[in-house]
Amino acid sequence: MKEGSKVVGVQMSDRFIEADVIVLAAGTAVPELCRQLGIEVPVAPSPCILIRMNSKEKLIHKLISNQQFEARQPTSDTLIAAEDYIDESEENGPEAVGKRAFETLRHSLKGGENLTLESIRVGMRPIPEDGYPIVGFHDQIQGLYLAVMHAAIALPPFVSRLAAKEIIENVQMDDLNSWRLSRFSV
């Protein structure tokens, strides 16, 4: 919620939480949340196939992104891969693409033969209009901080550190300057 040109808090279903700064890092929901504040944020949803697998051991210690697959292992027993959404056809639908990715991982990773498929789902990625993240305080609404990006696996640790510094220390981090929402109003 805002009063005049300043955010004052968040209205939950059962209560109001007062805040000096609100960070909107809600993916594809950011444009609708911002519309409620009277501003436009040029972000569109883009489908992505998410493949969740169970593992008996840690197979991936970082992020693997190559021409064959993109995968990470957030816990020792869960592995997640992402593939581009093509269409709903039998050959290129989410189920077919997900199963091919699963088999690729089973055969590509040392210990991959022990993977079991848990689920294949379509998720929505937030894609800013120009493909680059939107990060920083809004120019006209005091206390509103936006953090919207597609590269949800690799960028958050970097962006989170810089955003925290901007919010807590009230400084502008040069590394984020090209990602400000204001670039769309030029």
Side-chain angles (χ1 to χ4, degrees), residues 23-35 40-136 145-164 173 175-181 183-184:
V23 178
L24 282 182
T28 58
V30 167
E32 178 56 33
L33 292 169
C34 285
R35 267 191 288 284
E40 292 296 318
V41 178
V43 173
S46 174
C48 171
I49 301 169
L50 302 171
I51 305 100
R52 181 178 286 274
M53 294 152 272
N54 295 313
S55 178
K56 294 181 179 179
E57 61 184 305
K58 189 81 166 165
L59 303 177
I60 300 174
H61 296 280
K62 302 229 182 218
L63 169 70
I64 297 177
S65 181
N66 58 36
Q67 291 180 345
Q68 294 178 308
F69 60 85
E70 180 179 301
R72 64 184 174 97
Q73 193 165 358
T75 66
S76 60
D77 62 349
T78 302
L79 195 137
I80 299 172
E83 290 291 331
D84 289 333
Y85 177 89
I86 301 170
D87 58 39
E88 288 292 329
S89 69
E90 190 172 325
E91 179 183 334
N92 292 319
E95 196 72 21
V97 170
K99 286 180 179 176
R100 286 194 300 268
F102 171 67
E103 288 303 321
T104 299
L105 284 159
R106 284 187 49 142
H107 294 96
S108 299
L109 297 174
K110 183 179 178 183
E113 66 276 359
N114 295 318
L115 288 172
T116 56
L117 182 61
E118 182 181 319
S119 65
I120 299 169
R121 295 191 175 131
V122 175
M124 298 307 273
R125 301 172 289 195
I127 307 293
E129 186 177 274
D130 62 1
Y132 294 100
I134 297 171
V135 182
Y145 196 93
L146 301 173
V148 189
M149 63 198 76
H150 157 53
I153 293 174
L155 282 177
F158 170 72
V159 172
S160 296
R161 283 190 298 274
L162 297 176
M173 301 304 295
D175 288 340
L176 298 175
N177 284 345
S178 62
W179 293 349
R180 307 296 183 194
L181 178 63
R183 73 183 184 266
F184 293 103

_Heavy-atom check, side chain of Ser108 versus side chain of Gln68, under 4.5 Å_ = yes

*Do the side chains of Arg35 and Glu40 get nearer than 4.5 Å, heavy atoms only?*
yes

*Any idea which heavy atoms bring Ser178 and Arg183 closest together, and the distance?*
O-CD, 3.5 Å

*Heavy atoms only: give me the nearest Tyr85-Cys48 pair and the separation to one decimal.*
CB-N, 4.2 Å

*Heavy-atom donor-acceptor pair, Gln73 side chain to Glu57 backbone, under 3.5 Å*: yes

*Is Glu103 paired with Arg100 through a side-chain N to carboxylate O contact shorter than 4.0 Å?*
no

*Taking C-beta and beyond as the side chain, do Leu59 and Leu115 meet within less than 4.5 Å on heavy atoms?*
yes

*asked:* I need the Lys58 NZ to Leu79 CG distance, nearest 0.5 Å.
replied: 8.5 Å

*Flag yes if more than 12 heavy atoms outside Glu91 fall under 6.0 Å of its CD atom; otherwise flag no.*
no

*In Å and rounded to the nearest 0.5 Å, what is the CD1 to CG distance from Ile80 to Leu105?*
12.0 Å

*Taking all non-hydrogen atoms of both residues into account, name the closest pair between Met124 and Pro45 and its distance.*
CE-CB, 3.5 Å

_Interatomic spacing from CD1 in Ile60 to CZ in Phe69 - rounded to 0.5 Å_ = 6.0 Å

*asked:* If we ignore hydrogens and angles and just use 3.5 Å, is the side chain of Arg106 paired with the main-chain N or O of Asn114 as donor and acceptor?
replied: no

_Working to the nearest 0.5 angstrom, can you tell me the gap between Arg125 CZ and Thr28 OG1?_
11.5 Å

_I want to check something: taking the side chain as every heavy atom from C-beta on, are Asp77 and Asn54 in contact at a cut-off of under 4.5 Å?_
no

*Atom pair CG/CZ of Asp175 and Phe158 - distance to nearest 0.5 Å*: 4.5 Å

*Would you call Ile120 and Phe102 a side-chain contact if the rule is heavy atoms closer than 4.5 Å?*
no

_Partner of Met149 under side-chain contact (heavy atoms from CB on, under 4.5 Å), chosen from Val135, Val43, Ile127_ = Val135

*Using modelled atom types only, decide if a donor and an acceptor are shared between the side chain of Glu83 and the backbone of Ile49 within a distance under 3.5 Å.*
no

*Closest approach of Ala163 and Leu176, non-hydrogen atoms and distance?*
N-CD1, 4.2 Å

_Check: Arg52/Ser119 side-chain N/O donor and acceptor closer than 3.5 Å_ = no

*Using a strict cut-off of less than 4.0 Å between a Lys/Arg side-chain nitrogen and an Asp/Glu carboxylate oxygen, indicate whether Lys99 and Glu95 qualify as a salt bridge.*
yes

*Give, for atom CG of Leu181 and atom SG of Cys34, the distance between the pair rounded to the nearest 0.5 Å.*
7.5 Å

